[in-house]
Each structure stands twice: as structure tokens, then as C-alpha cells.
**Q** 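Before anything else, here's the structure in question.
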Amino acid sequence: MDPILDGLNHAQREAVTSSGSILQVLAPPGSGKTKTLTARVAYLLSHHGYQPQDVICCTFTIKASREMRERLAKLIGEKLESRLILGTFHSICRRYLVKYGYLIGLRKGFGIADSDDTRAIIRRTIKRLKSSIEVKAAQGRISRHKAHGLTPDAVADRAKAEESELVDIYREYESSLAASNLLDYDDLLLRCGDLLRDHPECVSNVQAVLVDEFQDTNIIQYELMNLFASKNRRITIVGDPDQSIYGFRSAEIQNLKRMQRLYSNTTVVLLEDNYRSAGSILNAAQEVIEQDTSRPAKALLATHTFGTLPVLRRLPNPNAEAQWIVLEIKRCVAMTGGLLRMSDFAVLLRSASLSTQIETAFGRSGIPYKMVGGRKFFDRTEVKILLNYMRVVSHTGHSDALMNIINVPPRRIGDETIKQLTNGAEKAKIPLWNFIKDVIQGRRSTEKKLQKAAEQGLCVLVNLIEASRQKLQECEDASAPRVLIEFIAERLSFQEYLIRTYPLDEDSRWANVKELMHQATEVAAFEEEGVDKEMDLPVIEGVEQQQAHSGEEALTRFLANVALATEITTKEEAKEGDQPTEKVTISTIHAAKGLEWPVVFVPAVYNGSIPHSRAEVVEEERRLLYVAMTRAQALLYLSIPIRQPRLGEGEDGATTLTPFLPPKLTKSRFRATGPSLHEKVVYAIADILRRPRPSLEDIYKGLEFLPSTLDDRWTPEGEEDRSKVDDISTSHDASGEPNPKRRRSDMNQGPKSTTYFSSTGSTIPTTVSTGFTSARDYIAANPELPADADADAAGANKLKPLSNASRKDGLTQASISNFFGGPGSLQKREPVLPSYPQPPSRRYEGPISQNQRSGARSIVPAPLSSHRVQPRPLVPTRPTLEPTDSNGYTWLAAPSKPTLKPARVSMTQEQSGNNTSVGGTAGAEEVKPESSTRGFQPVSTFHSTTISMIQQAPRRTLGIRRSMNGWQDRMKRDGG
DNA sequence: GAGGCATTTCACCGG
DNA sequence: GAAATGCCTC
């Protein structure tokens with residue numbers, strides 16, 4: 001059979017092979033949309049005989065186009081693939097404008113104004129016009145007008161007086177762009193539309209047009225699609241109106257209908273099978289989206305098993321929410337026996353700003369993560385500086401870029417000087433750059449004489465730029481971008497500048513610069529490979545293309561790609577030493593579109609966050625939630641802090657659940673706490689992910705680090721027993737967070753055990769560092785590692801064994817196995833594991849879990865609070881290995897006995913938490929576990945050590961939080 | 001004293 | 001990270 005159709009289901013094949021010339025493929029999440037579109041491209045080439053250069057394929061992001069290229073290279077070979085006209089609308093338009101822009105009077109060498117430039121220009125005009133409109137608002141409105149093809153005059157005609165202010169700004173903005181020969185994002189599309197309308201011959205070769213993510217196109221893009229296809233009218237679009245989340249960028253869902261109206265011969269194919277998510281997740285997501293009654297009903301059929309119900313978790317506050325995510329990730333990793341790794345988790349946020357608490361919690365507990373959709377690589381200051389230099393070199397008319405670097409690094413050119421220069425340039429009606437040059441070369445002068453120092457600084461700048469331009473002229477190939485970056489960085493002594501300016505993270509900043517160079521190099525390599533200039537447009541007879549100096553062209557192309565980059569090119573990977581990136585992803589929901597993860601967390605599902613308080617269209621917010629939920633393959637967690645100090649609605653910051661999750665839905669489709677991860681659940685996860693089921697042995701191995709096998713640190717209602725400590729919530733931030741959990745007051749009140757990372761400890765790094773990461777990974781991969789300092793740092797939740805006197809430091813591997821009876825005992829234990837029927841009571845056993853939160857905060861009983869104790873290893877008390885239970889469970893850890901004296905125990909904790917110096921003796925440890933089972937919950941079973949149990953006992957009796965906090969604070973201050 | 005530099009403060013959808 | 005304020009140099 002045709003290899004192109006391999007692995008496609010019936011509906012997908014129908015779409016791929018459809019003979020309809022106008023085809024709409026409606027593809028819900030996880031239905032194989034990209035696969036289908038890719039196959040369609042391949043099919044058109046091979047079965048219809050189209051030449052690749054006659055096929056235009058538009059994607060929404062650069063990443064999507066890259067992925068598509070990769071897939072196509074496999075299907076049809078790189079040779080054909082490289083000749084396709086494939087890219088984002090913006091990049092395709094840019095290509096056409098570079099080649100044919102002269103036909104509509106576009107000046108050669110135009111630059112692209114990115115949104116920072118745009119904002120800067122608008123800010124300036126607003127200031128000049130003394131308008132009261134907010135910069136961002138003006139930017140958005142202007143862009144919206146442009147996206148609808150409305151010129152300032154058109155807006156003026158139809159708008160009332162109150163718009164006149166905006167119209168003025170809009171006008172000025174447009175002339176500023178024109179003066180600098182810049183096009184903003186909207187212009188790229190608009191001008192290309194103008195071009196193709198006036199000169200359709202430019203696309204007369206086009207046989208077929210394909211558009212991905214069609215629901216995100218705006219009117220102009222829709223028109224462009226039609227213009228591209230004007231000759232032969234063969235269009236395939238793929239999209240899903242339910243995933244339209246770019247209305248704020250003027251995306252128009254109605255384009256689907258509009259297209260059907262325009263082309264009466266439109267064929268519509270529905271893909272309904274979902275290959276991504278568990279049935280339970282789809283059901284929940286489906287119910288969310290179906291609340292929108294205006295939307296045409298569409299099926300979403302699960303191909304996977306039902307799986308376990310998604311979770312809707314209530315937590316006391318955002319901090320606890322972040323800690324809970326940490327705990328759940330650890331629990332999932334531990335209880336699935338290697339099935340899930342860090343890279344299988346994603347935290348999807350409505351707003352990037354919600355990430356801070358989560359990042360802090362991750363950092364503190366050693367969970368490696370990468371941020372996506374936050375600050376983009378190209379937006380980092382140090383990168384931006386170099387890019388702006390290059391933009392000036394490439395296009396001296398780029399006054400905004402010039403303004404950004406005119407005094408960076410500082411060269412004594414201050415506000416006053418800049419004012420003189422910009423005013424002068426404006427009066428002379430010449431670009432800022434030319435004016436500056438004239439001034440320092442004595443051909444012109446400013447109204448007020450410039451300071452000597454400033455003048456000298458300008459000289460230096462002009463010389464640098466001129467030298468760079470010279471360099472560029474000499475460089476006639478694709479290496480130009482890299483050559484320039486190196487040249488400029490060198491001449492600026494950029495590294496020294498970074499060291500001076502950012503002493504704290506100079507190395508990571510310099511690493512970003514290296515990464516930028518690396519990317520420039522890659523672009524060069526990429527372009528040289530396809531000697532044929534894959535990016536070039538096909539030559540059309542009778543229409544002349546403009547040619548440019550190839551070094552310049554390489555540079556402008558590089559800069560354009562940067563400007564148009566919508567996604568984050570992952571950074572930091574450049575650093576060596578980074579291990580295979582096993583990281584949790586933190587992303588905005590918007591940036592997560594099209595992606596999937598085995599486990600997805602969606603925090604902050606409260607009113608005001610989703611729907612966002614400033615959202616204009618509620619339906620879009622609902623779709624956003626739908627998109628987030630449908631990213632999950634096997635496990636989906638939604639959560640809400642019941643209080644959110646600043647943003648909550650109530651006076652005490654109480655939040656209300658998003659209206660998209662009405663009670664009826666949450667009751668039937670969600671559970672209130674994380675699922676118990678017994679083997680059936682684990683196997684279902686494995687099956688959904690199409691991964692091998694882990695062995696019980698593997699599952700078992702992970703448990704040893706686990707504080708609790710259940711999501712039970714907070715009550716399902718999201719409460720923590722705060723009665724005794726009211727400052728808990730505020731105490732965690734900087735220090736460690738862990739507030740001691742005092743959850744059920746009857747139980748664990750004591751210190752947690754802790755230890756591990758350190759917030760305070762001097763020996764352990766406090767900040768997130770690769771050390772953490774690596775240790776953590778190591779542990780994750782090697783649960784049996786000795787618990788040494790690294791392990792602690794990594795946040796493993798293991799208790800340190802209290803020591804017998806001989807062992808000072810933690811368990812060794814041997815000791816762990818001994819502890820559990822050695823490897824040989826494994827078999828015996830197996831049955832024990834995740835056992836199901838859940839043990840009757842599951843209380844949070846606390847101590848260990850505390851660790852995660854913070855080691856630092858150990859609680860010391862008041863009497864001891866004045867002195868610090870050195871950490872001692874806990875001596876593992878002997879656990880009972882034999883199954884003690886009638887149901888066949890073996891408790892790995894003995895339940896704690898009340899025997900212990902609280903004071904001692906807590907001392908232990910403290911020690912471990914603080915790493916301070918005195919040696920204590922481990923005395924308490926003598927407790928005997930055997931008696932353990934009674935009275936304790938099975939949960940504890942999974943605790944790795946008996947110790948935890950021991951500690952438990954004390955907790956109950958401790959009620960001194962306040963003093964402890966005081967102590968902690970002091971610790972923080974002194975030692976931090 | 002003007003202008004430049006350093007420090008502090010506030011706020012922040014989304015691409 | 002940008003605006004606002006205060007300190008230092010020419």
C-alpha cells in the first residue's frame with residue numbers, strides 16, 4: 001500500500017486522498033491533524049504531480065513549520081521537501097515582499113518592527129501627542145485595525161470622536177514606520193496582500209495551498225490564502241474551531257464558514273478519533289466545551305481506555321498549590337516504577353505570571369523544569385542588545401534598534417543627548433542614524449551643543465557600526481550573521497560588560513550570547529546545505545526578482561526569523577553538562593497548543609484567571625481550558641487555590657471556581673484528590689502511553705522515597721489546619737517553604753522530617769542549580785542510591801537514617817537494602833506494593849512529606865530552639881519486613897509508635913534540616929517498629945523508613961509552632 | 001546646575 | 001523591565 005497512507009485511519013485517509021479541490025479537515029485535539037496534513041502534502045506531490053515549489057503550505061508557528069518539514073523530509077525526501085514554500089504566513093509574505101515588493105513601491109531593504117519596536121514607537125507618539133491612551137491598549141487596537149485592513153483614514157471615517165485620539169496615534173505610527181522603512185507584523189501580511197492583488201502573476205505557479213491551524217487565521221490571512229490560490233483554487237485547510245484561542249490577535253473563527261460560502265464545492269472531512277487522551281479526560285474536556293451551545297456539535301471519540309478520573313484539587317493558597325504539584329509529580333514518578341519521567345509532566349498556565357510560585361517550589365525541591373512561553377530567548381536583554389546592533393548594521397534606518405543600543409554599554413549618552421539627536425533628526429527629516437553621523441562629522445549640529453563626553457561616545461558608536469557594515473560587505477555568504485555577532489561582541493568587550501553589569505548571573509547571560517552565535521551558525525549551515533536556497537521563491541517568467549548581496553540577505557533573513565519567531569528556541573541547552581533534558585515543562589496554555597504530555601497540571605482554575613479578568617470573549621477562555629485539558633494523555637490535574645491574596649474576589653482573597661467547571665461536571669467527571677496509583681492505574685497509564693508496563697519490582701523501588709502514597713497532605717476541601725499557626729501561609733516564601741504541615745491536628749504536628757534541601761543549609765545550594773537537577777535525576781533513575789548529600793540536595797524524600805552511632809552519614813546502598821531485608825527479600829515484598837483495596841485510613845503521614853517542602857524549616861521544640869543541632873543520621877529502625885497484614889500487605893515501614901519522645905525526635909529533624917553543627921546523639925531511634933502496624937495507616941507502608949513513623953509520634957504532641965517559626969525566621973536571617 | 005548613573009518601585013494575559 | 005527618584009561628576 002501507499003506508504004503515505006500507512007498508519008492512517010479511515011477518516012484520515014479520506015482527507016488525504018480527497019479529490020475535492022477545496023477541502024476542510026476539522027480535526028479535534030489528538031486526532032492526527034498534523035500527520036494528516038503532512039500526508040496530504042505528500043499525496044498531492046506524488047499523486048497529482050505537483051512540483052514542490054508550486055505548493056504553499058502555511059503554518060501558524062515556526063515550530064510547526066519545522067516539524068512539518070521534518071516529517072515531510074521523511075515522507076518525500078529532503079530534496080523535494082526543501083523546495084516547498086512552507087512557513088508561517090509572516091515568513092512566506094516576507095519572502096514575497098523581498099523578491100517582489102518593488103512592484104508595489106516597497107523600498108529595498110525594509111526592516112521588520114517587532115512588537116517591542118512597535119511599542120516603543122507608539123509610546124513615543126503617545127508622549128508626543130500627550131495622549132492618555134495606554135500604550136498597550138493603543139498597540140492592540142492599532143494592530144486590530146490593521147488586521148482588518150483599516151487604514152487610519154478608514155478608521156477616522158467610521159469612528160466617532162473618541163477614536164480620534166487613537167487615529168492620530170495610528171497615523172503617526174504609520175508614518176514613523178514608513179520613515180524608517182519598517183514593516184510591522186501586520187504590514188507583512190497587508191503589503192503582501194496588496195502585492196498579490198495587484199500582481200497575481202507572482203503566484204501564478206501555485207498549484208495548491210494548504211493551511212494549518214486555520215481557526216487561528218485572521219481576515220487578512222484568509223484573504224492571503226485565497227490570493228495564493230487564485231490561479232488554481234486548490235486549498236486544503238486543517239483546523240478545529242474549538243481550539244481557537246487567538247481571538248485577541250484577531251483570529252476569526254468565522255473564516256471556516258466564510259470559506260464554505262466562498263467555495264460552494266467545499267468538502268468537509270471530520271476526524272473524530274482521539275489518539276491522545278484517556279477516555280475520562282476526553283469526557284471531561286468534552287463537557288467543558290459543550291457548554292458553548294453556539295458551537296456545532298462534534299464528536300470526540302476515545303481510542304484509549306477510560307483511565308482514571310481527572311483531578312480537581314483544592315488547595316489553601318497558591319503556595320500550597322505549587323507544593324502540591326511537586327508532591328504529585330514525585331508521587332507519580334515514584335509510584336509508576338520508571339514509567340513516568342520528569343519530561344512527561346507539564347504545568348500549563350493561563351498567564352505566564354503564575355509561574356513564579358511554581359518555579360520557586362520546583363527549584364526548592366529539585367524538580368528540573370523548563371519554562372516555555374515565558375520570556376523568549378530572543379527577548380533576553382543580552383541577546384536583544386546584540387540583535388539590535390545587528391539590526392542597525394543591517395538596516396540603519398532602524399531608529400528604534402539604534403535607540404536601544406545607543407548607550408549600551410554606557411557611553412555617556414544620556415537622555416538629553418538623545419533628545420537633541422531625535423529632535424534634530426526629526427526636524428531634518430532624516431533617519432536618526434544619518435543625523436548622528438552628520439553631527440559627529442561636523443555636517444550638522446544640534447540645537448544645543450552636546451557634551452564632549454557624549455560626542456565621544458557617539459563617535460565610538462558610529463565607528464563600530466561603520467566597521468561592522470564594512471565587515472558585512474566583505475562577507476558574502478551565509479556566515480554573515482555569525483561573523484557579525486562575533487565582531488560586535490568583540491568590539492564591545494561584551495563579555496566584560498556582562499560581567500560588570502550582571503555579576504550574579506553573568507555566566508548564564510554569556511551562555512545566551514554563545515547560544516545566539518550558535519543559532520546564527522546553524523542558520524548558515526542550514527542554508528549552505530540546500531545550495532539551491534530552499535528559501536527562495538521559484539522564478540517566474542516575466543517577473544523580475546530583486547537580488548541582494550548575499551551576506552546582507554543572510555543577515556536580514558536571520559533577523560527576520562528572529563523577529564518572527566513566536567516560540568522559544570530552547571535556550572540553555574547550549575550549556576554542556578546539562579544532562580539529557582529530563583525536565584518538567586512549564587508553559588502557558590497558548591504556547592502548549594498542539595503539544596501533549598502524559599501528565600498535565602492546570603493550576604489556578606479560578607474565576608479571574610480562567611476566564612481571565614480582562615478577557616473579552618468568554619467562549620475563548622473556555623476553549624483555552626479545553627485546549628489545556630486535552631493536552632493530557634493519561635493524567636490530568638486541575639487545581640485551585642481557595643485563597644489567592646491579591647487576585648481573589650473575596651476580601652480575604654477567596655477565589656471562586658471557574659464557571660467552566662460547574663458542580664454537576666466536577667461531581668461526575670472529577671475526583672477531589674490525586675488518584676491512588678495502584679497497579680491497575682499504572683498499567684492503564686502505560687497502555688495509554690503505549691509504553692511497557694513497569695514491573696511491580698520497579699514500582700516498588702520508587703516507593704522508598706515517597707512520603708505518602710496518597711495525595712493527602714491537604715484535605716479534599718483544600719484546608720490545612722491552620723488554627724494553631726496563622727502565619728503559615730505567609731511564612732513560606734522565601735525561606736522554605738514548607739510550612740510545616742499541620743494538617744490534621746490530631747496527627748502529625750511535629751516537625752517534619754526533613755531535610756533535604758536546603759533552604760538554609762549552608763552545605764546545600766539553595767537555589768536551583770544543575771546540581772539539584774542532576775542529583776534529582778540521578779535519584780529518580782537510581783532509587784537505591786545512597787543518601788548522601790547530593791541526594792539530600794536533590795530533594796529525595798528519604799529520611800536520613802538516624803544513626804546508629806557508627807554511621808554518620810546517611811544510608812548507604814547497602815544499608816538500604818539491609819534495611820529492607822536485602823534484595824532477596826524483594827520477592828516477598830512484592831505483593832505488598834500498591835495494594836489495592838486501599839487501606840482504610842489514609843492519613844497523611846507526615847514527616848517525610850515535609851521534607852519535600854523544605855528542609856529548612858524543621859521545627860524545633862521550644863526548649864531546643866535556642867541551639868542548633870548537628871544533623872545526625874537517623875538510624876533506621878528495623879522495619880518489619882514480613883507481611884504483617886492479613887490482606888497480604890507487608891508494611892515496609894513500621895508504623896510509628898507513640899513511644900518516642902517528641903523532643904528528641906524533633907531534634908533530629910532539626911538537625912537534618914539545618915546542617916548545623918552540633919552533634920547530637922541519636923537516641924530516639926531506638927523505637928521499635930514492630931508494634932507498628934496497629935493504629936497506623938497503611939499509607940505509611942510506603943514510607944521508606946521507619947523513621948518517619950517514629951517522627952510522627954512526636955508530632956502529635958508538638959504544638960509550638962509559633963516559636964518554631966520564630967526560630968526559623970531567625971535561622972533564615974542569620975544563616976541564610 | 002545639568003546631565004549621567006545608580007538605586008528603588010511597581011506591575012505583568014496571550015503570540 | 002520600565003519609570004521614578006536620588007547621588008555624583010563635569
Side-chain angles (χ1 to χ4, degrees), chain A residues 59-64 88-90 114-116 118-120 123-124 126-127 134-137 139-140 143-144 147 184-186 189 213 216-218 221 243-251 348-357 372-382 384-385 403-404 406-421 446 448-458 500-503 562-569 587-594 604 608-618 620-621 623-625 627-628 646-647:
Chain A
T59 62
F60 195 66
T61 65
I62 288 179
K63 184 151 132 228
T88 61
F89 271 103
H90 291 99
D114 65 19
S115 52
D116 283 347
T118 301
R119 199 171 318 131
R123 179 177 299 122
R124 236 179 302 126
I126 285 181
K127 243 184 207 155
E134 224 176 293
V135 176
K136 272 202 148 177
Q139 189 186 7
S143 172
R144 213 157 308 152
D184 67 16
Y185 293 159
D186 298 307
L189 305 178
E213 306 277 18
D216 291 328
T217 53
N218 63 24
Q221 288 164 330
Q243 294 180 73
S244 167
I245 54 177
Y246 285 97
F248 69 93
R249 276 190 21 175
S250 308
L348 305 184
L349 309 165
R350 171 65 183 88
S351 313
S353 57
L354 292 166
S355 74
T356 46
Q357 265 136 334
V372 175
R375 168 145 294 100
K376 285 176 241 146
F377 174 73
F378 294 120
D379 280 347
R380 314 231 170 157
T381 359
E382 60 280 9
K384 217 125 207 208
I385 292 170
M403 299 261 279
N404 284 326
I406 196 166
N407 197 33
V408 181
R411 26 174 104 82
R412 323 227 95 218
I413 301 170
D415 296 344
E416 183 59 26
T417 306
I418 293 173
K419 206 169 103 197
Q420 291 299 315
L421 293 171
T446 46
K448 259 168 46 185
K449 186 107 180 72
L450 297 182
Q451 293 217 313
K452 267 223 180 68
E455 219 162 299
Q456 276 170 5
L458 287 171
R500 228 180 308 129
T501 319
Y502 308 99
V562 166
L564 296 175
T566 46
E567 99 281 13
I568 306 49
T569 338
S587 170
T588 59
I589 297 172
H590 283 91
K593 184 146 88 132
S609 172
I610 275 209
H612 193 273
S613 48
R614 283 152 70 172
E616 283 156 28
V617 185
V618 179
E620 180 152 315
E621 299 288 308
R623 291 192 291 265
L624 210 39
L625 180 60
V627 167
R646 265 193 230 157
L647 304 172

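Within every chain, numbering begins at 1; the chains are lettered A, B, ... in the order of the sequence lines, protein sequences first and strands thereafter. Any value given below was found using the heavy atoms of this structure, including those in side chains, with hydrogens, waters and symmetry copies removed.
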**Q** Which label fits A/His590 and A/Phe248: parallel for a plane angle under 30°, tilted from 30 to 60°, or perpendicular past 60°?
**A**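 Geometry flag for A/Phe248 against A/His590: perpendicular rings.
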
**Q** What's A/Arg119 touching, base or sugar-phosphate or nothing? Going by heavy atoms closer than 4.0 Å.
**A**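 Touches nothing.
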
**Q** Could you list the residues that satisfy salt bridge (Lys or Arg N to Asp or Glu O under 4.0 Å) with A/Glu213, not counting sequence neighbours?
**A**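 Only A/Lys33, A/Lys593 meet the salt bridge (Lys or Arg N to Asp or Glu O under 4.0 Å) criterion with A/Glu213.
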
**Q** Of all residues at least two apart in sequence or in a different chain, which pass the side chain to side chain donor-acceptor pair (under 3.5 Å) check with A/Thr446?
**A**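 Not a single residue meets the side chain to side chain donor-acceptor pair (under 3.5 Å) criterion with A/Thr446.
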
**Q** Apply salt bridge (Lys or Arg N to Asp or Glu O under 4.0 Å) to A/Asp184 and list each qualifying residue two or more places apart in sequence or on a separate chain.
**A**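 Testing A/Asp184 for salt bridge (Lys or Arg N to Asp or Glu O under 4.0 Å), a comparison that skips the adjacent residues, returns A/Lys146.
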
**Q** Please state how far atom CD in A/Gln243 lies from atom P in B/dG15, giving the value in whole angstrom units.
**A**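 In whole Å, B/dG15 P and A/Gln243 CD are 16 Å from each other.
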
**Q** Partners of A/Glu382 by side chain to side chain donor-acceptor pair (under 3.5 Å), sequence neighbours excluded?
**A**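 Partners of A/Glu382 by the side chain to side chain donor-acceptor pair (under 3.5 Å) criterion, ordered by chain and then number, come out as A/Arg509, A/Asn512.
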
**Q** Round to the nearest Å and state the distance from A/Lys384 atom NZ to C/dG1 atom P.
**A**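 Spelled out: NZ on A/Lys384 to P on C/dG1 is 11 Å.
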
**Q** Taking CZ from A/Phe60 and C1' from B/dG15, how many angstroms apart are they, rounded to a whole number?
**A**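 Rounded to the whole Å, the gap is 7 Å.
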
**Q** Taking CG from A/Asn218 and C1' from B/dG14, how many angstroms apart are they, rounded to a whole number?
**A**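 Atom CG in A/Asn218 sits about 15 Å away from atom C1' in B/dG14.
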
**Q** By side chain to side chain donor-acceptor pair (under 3.5 Å), which residues pair with A/Thr217, not counting sequence neighbours?
**A**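 Result, side chain to side chain donor-acceptor pair (under 3.5 Å) vs A/Thr217: A/Asn255.
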
**Q** Partners of A/Arg411 by salt bridge (Lys or Arg N to Asp or Glu O under 4.0 Å), sequence neighbours excluded?
**A**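 Listed in chain order: nothing, the list is empty.
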
**Q** With sequence neighbours excluded, what pairs up with A/Ser355 under the side-chain contact (heavy atoms from CB on, under 4.5 Å) test?
**A**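 Counting only residues at least two positions away or on another chain, A/Ser355 forms a side-chain contact (heavy atoms from CB on, under 4.5 Å) with A/Leu349, A/Glu359, A/Met371, A/Ile586.
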
**Q** With the criterion being N/O to N/O and under 3.5 Å, what pairs connect the protein with nucleotides 4-8 of chain B, and how long is each?
**A**
{"from": "B/dG4", "atom 1": "OP1", "to": "A/Gly414", "atom 2": "N", "distance (Å)": "3.1"}
{"from": "B/dG4", "atom 1": "OP1", "to": "A/Thr417", "atom 2": "OG1", "distance (Å)": "2.6"}
{"from": "B/dG4", "atom 1": "OP2", "to": "A/Asp415", "atom 2": "N", "distance (Å)": "3.2"}
{"from": "B/dG4", "atom 1": "OP2", "to": "A/Glu416", "atom 2": "N", "distance (Å)": "3.1"}
{"from": "B/dC5", "atom 1": "OP1", "to": "A/Arg412", "atom 2": "N", "distance (Å)": "3.4"}
{"from": "B/dC5", "atom 1": "OP2", "to": "A/Asn407", "atom 2": "ND2", "distance (Å)": "3.3"}

**Q** Measure the distance from CD on A/Gln456 to C1' on C/dC10 and round it to the nearest whole Å.
**A**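 In whole Å, C/dC10 C1' and A/Gln456 CD are 12 Å from each other.
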
**Q** Taking atom C1' of B/dG15 as reference, at what distance in whole Å does atom NE2 of A/His90 sit?
**A**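 Nearest whole value for this atom pair: 10 Å.
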
**Q** Report yes if a side-chain nitrogen or oxygen of A/Arg123 is closer than 4.0 Å to either non-bridging phosphate oxygen (OP1 or OP2) of C/dA3; otherwise report no.
**A**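 Yes, such a contact exists.
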
**Q** In Å, rounded to the nearest 0.5 Å, how long is the span from CD1 of A/Ile589 to CD1 of A/Ile610?
**A**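 Atom-to-atom, A/Ile589:CD1 and A/Ile610:CD1 are 4.0 Å apart.
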
**Q** Just N and O in the side chain of A/Ser613: are any of them under 4.0 Å from OP1 or OP2 of B/dC13?
**A**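 The answer is no; no side-chain N or O of A/Ser613 sits under 4.0 Å from OP1 or OP2.
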
**Q** If you measure from the ring centre of A/Tyr246 to the centre of the six-membered ring in the base of B/dG14, is it under 5.5 Å, with the planes under 30° apart?
**A**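 No, aromatic ring not over the base.
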
**Q** Check the distance between B/dC13's C1' and A/Ile589's CD1 and give it to me in whole angstrom.
**A**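 Between C1' of B/dC13 and CD1 of A/Ile589: 11 Å.
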
**Q** Reading DNA chain B 5' to 3', what string of ( ), [ ], | and . shows its pairs, if Watson-Crick and G-U wobble pairs count only when both distances fall under 3.5 Å?
**A** ||||||||||.....

**Q** I need the CG-C1' distance between A/Leu354 and B/dA11, as an integer number of Å.
**A**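 Whole-Å distance recorded here is 14 Å.
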
